[in-house]
Amino acid sequence: MNKRKILTQNNSLKGVIITLFLVLFLGTAITIFSDTYTLTLEENRKLTYGAWHIAVFDADKTVKESLSNHAAVESVGSMHLSGMVLSDDNPIGGIGYLDEDLLEIGNITLLDGHLPETNNEIAIEAGTLNRLGMSLMLGQQIPLSISNYDEAGNLLDCETQVFTLTGVIKNYSANWKSNSHWLVTCCVSKDYVSNHFRTSHVFVKMDDALSKHADSLQTLVFNKGVFTKNDYTYLQYGESTSSDSTKIILQTAIILSGCLTIIILIINELNRRKVAFVTMRVLGATKLQIVRFFLRERISKLCIAGCTGIVTGIILPFFVISFINIFLSRSIYFNLSIIHIVQISLFSFGGLIVALGISISHILSTPLRGRVEQQVRLRSLKHRHKPLSKRNLSRVIDYSNRGKRLVSLGLTLVFTILVLLSAYDAYSVYQDYRFFTKHYPEDYSFGMLASYYNPRGSLSSADLDLVRNTYGVSQVHAFSASD
């Protein structure tokens with residue numbers, strides 16, 4: 001075997017090793033980035049819309065205990081309302097008590113201060129303070145017009161009570177899915193609520209592995225409250241779920257193109273080494289010995305290349321995400337799904353096994369006996385150059401390698417179509433994102449459109465000029481707010 005043939009065989013093996021490495025590296029990296037993106041969106045939605053999976057509004061007194069004993073439930077929080085806070089005889093929020101479990105699973109935090117400890121203390125949502133025309137300064141006296149209910153649900157006379165502001169709650173009630181039920185925006189002590197109890201809302205956080213079976217809890221609260229699933233945070237509960245089409249297309253394109261490339265490289269190498277295999281057979285080597293000889297120099301190197309590709313596909317995204325988190329105010333949550341990595345590995349190594357199986361079948365088809373010249377068909381091509389004309393213009397195509405050329409052309413076409421589909425999918429998503437962030441910047445957050453309605457109220461140019469002239473306004477700033 002001359003030096004040129006040895007170099008050709010080594011280059012072919014290097015091509016197979018590099019292809020397998022790239023397939024597993026790119027497949028693993030794309031999987032991790034996609035899973036990280038999905039998890040980051042969900043974690044950010046939890047901060048805005050709460051981490052609870054289901055809620056039971058106007059719940060019966062036995063609902064919380066029934067749900068707490070269910071095996072799929074991780075924790076249960078409750079919100080107790082004692083009345084409504086009024087402004088100009090219109091309700092602007094509920095007054096009541098939030099237990100510690102609800103504060104945790106709802107990600108309800110304080111911007112300043114602490115929760116009330118006595119009956120004359122109160123913590124109010126920042127948005128409610130603004131609607132009341134009050135500042136966010138702690139320690140001030142807050143007079144509230146409260147409409148309370150008795151135990152029978154009868155409306156009591158509206159009364160004004162004065163509280164000391166001990167905390168400012170970060171806005172949450174306008175974001176949560178409440179099905180038109182009032183939430184607590186003015187938090188008082190537990191003792192205060194016990195004397196003015198009206199109703200309760202129960203919020204449930206389920207085990208993540210069992211959260212897809214949220215509907216099974218509905219039987220426990222039948223006719224005991226209004227059952228609601230939090231499809232603002234967990235999109236799988238809604239009609240429009242998150243799409244993984246881009247990830248699937250890219251993974252499919254990478255695996256298919258990589259496996260087909262490996263098959264073509266191995267078949268080409270077998271064709272080049274066919275004379276050597278026939279020679280070994282003539283000299284007495286068995287087919288099994290030839291198979292072992294062929295696989296022995298490849299199995300270990302291919303396994304090392306595959307494992308290196310997987311490890312590199314995990315480590316590189318980890319350092320990239322860690323580096324990006326240094327400059328972001330909100331963290332990107334690195335998500336390593338072992339199941340997805342195993343799936344990519346199985347598909348990739350499955351394609352490799354198919355390629356090796358094809359190579360073994362070629363080796364097993366090597367003849368048993370005879371001269372080498374009789375077992376290998378050699379065909380020399382005539383190289384005669386003729387001037388191009390209308391008659392022989394079609395001869396520009398080399399018909400001797402037509403099959404291989406058609407396969408290569410087909411693979412290139414398929415891969416190009418997959419890449420174009422992925423690019424179009426990504427571009428369409430970007431166009432939607434750009435449109436909403438440009439025209440409705442307050443409504444688009446964390447990958448989910450909060451609302452899409454025309455403005456319900458606006459100020460005409462004439463009215464604006466009247467306000468300017470009456471109050472001496474020099475600058476006017478416009479804003480929009482979603483539901």
Side-chain angles (χ1 to χ4, degrees), residues 7 9-43 242 244-266 268-269 294-328 330-359 411-412 414-416 418-423 425-426:
L7 292 176
Q9 295 170 9
N10 291 335
N11 291 334
S12 178
L13 180 58
K14 289 180 181 178
V16 175
I17 292 174
I18 293 174
T19 302
L20 182 62
F21 169 82
L22 291 176
V23 168
L24 286 169
F25 165 70
L26 294 176
T28 303
I30 290 175
T31 300
I32 290 178
F33 279 123
S34 178
D35 293 341
T36 297
Y37 174 76
T38 302
L39 178 63
T40 301
L41 290 183
E42 183 172 296
E43 290 299 324
S242 57
D244 295 333
S245 58
T246 303
K247 179 184 74 172
I248 295 174
I249 291 174
L250 288 176
Q251 289 176 346
T252 304
I254 291 173
I255 294 175
L256 287 180
S257 59
C259 293
L260 292 175
T261 302
I262 292 174
I263 292 174
I264 291 174
L265 290 174
I266 291 179
N268 289 337
E269 182 183 2
F294 179 78
L295 297 179
R296 183 173 54 197
E297 59 181 345
R298 285 162 178 75
I299 294 297
S300 58
K301 295 180 180 180
L302 292 176
C303 290
I304 293 174
C307 295
T308 305
I310 295 174
V311 174
T312 307
I314 295 174
I315 294 177
L316 184 61
F318 174 78
F319 283 107
V320 170
I321 293 172
S322 301
F323 177 76
I324 294 176
N325 279 332
I326 298 176
F327 305 97
L328 296 180
R330 284 196 173 185
S331 299
I332 297 177
Y333 297 86
F334 180 79
N335 185 16
L336 175 62
S337 177
I338 301 299
I339 297 178
H340 292 169
I341 301 301
V342 171
Q343 290 175 347
I344 291 293
S345 303
L346 290 178
F347 282 120
S348 301
F349 281 108
L352 177 62
I353 292 174
V354 172
L356 294 177
I358 294 175
S359 64
L411 293 177
T412 304
V414 171
F415 182 75
T416 303
L418 291 174
V419 171
L420 291 177
L421 288 175
S422 302
D425 190 13

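What's counted below: heavy atoms across the whole structure, side chains too, no hydrogens, waters or symmetry copies. Quick note: residue numbers are just sequence positions, from 1.
No side-chain heavy atom of Thr38 sits under 4.5 Å from any side-chain heavy atom of Asn335. At least one side-chain heavy atom of Ile310 sits under 4.5 Å from a side-chain heavy atom of Ser345.
Between Ile332 and Asn325 the shortest heavy-atom distance is N-OD1, 2.7 Å. Summarising the geometry of Thr40 relative to Ser331, their closest heavy-atom pair is CG2-O, 3.9 Å, with the distance given to 0.1 Å. The shortest heavy-atom contact between Phe33 and Ile321 is CE2-CG1, 4.2 Å.
Put simply, CD1 on Ile30 and CG on Asp35 are 11.5 Å apart, with the number rounded to the nearest 0.5 Å. The distance from atom CD1 of Ile339 to atom OG1 of Thr31, rounded to the nearest 0.5 Å, is 12.5 Å.
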Scan the side chains in residues 18-28 for donor-acceptor partners under 3.5 Å anywhere in the protein, sequence neighbours excluded, and list what turns up.
| residue | atom | partner | partner atom | Å |
| --- | --- | --- | --- | --- |
| Thr19 | OG1 | Gly15 | O | 2.7 |
| Thr28 | OG1 | Leu24 | O | 2.7 |

Validation: residues 347-358 side-chain donor-acceptor distances under 3.5 Å, sequence neighbours left out:
| residue | atom | partner | partner atom | Å |
| --- | --- | --- | --- | --- |
| Ser348 | OG | Ile344 | O | 2.9 |

Show me the donor-acceptor pairs, under 3.5 Å and distance only, between side chains in residues 299-309 and residues at least two apart or in other chains.
| residue | atom | partner | partner atom | Å |
| --- | --- | --- | --- | --- |
| Thr308 | OG1 | Ile304 | O | 2.6 |

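The side-chain contact (heavy atoms from CB on, under 4.5 Å) search around Leu346 returns Val342, not counting sequence neighbours. Applying the side-chain hydrogen bond (donor to acceptor under 3.5 Å, both in side chains) rule to Glu42 yields no partners; only residues at least two apart in sequence or on another chain are considered.
Sorted by first and then second residue, the pairs that involve residues 298-321 and meet ring pair (Phe, Tyr, Trp, His ring centres under 6.0 Å), not counting sequence neighbours, are Phe318-Phe334.
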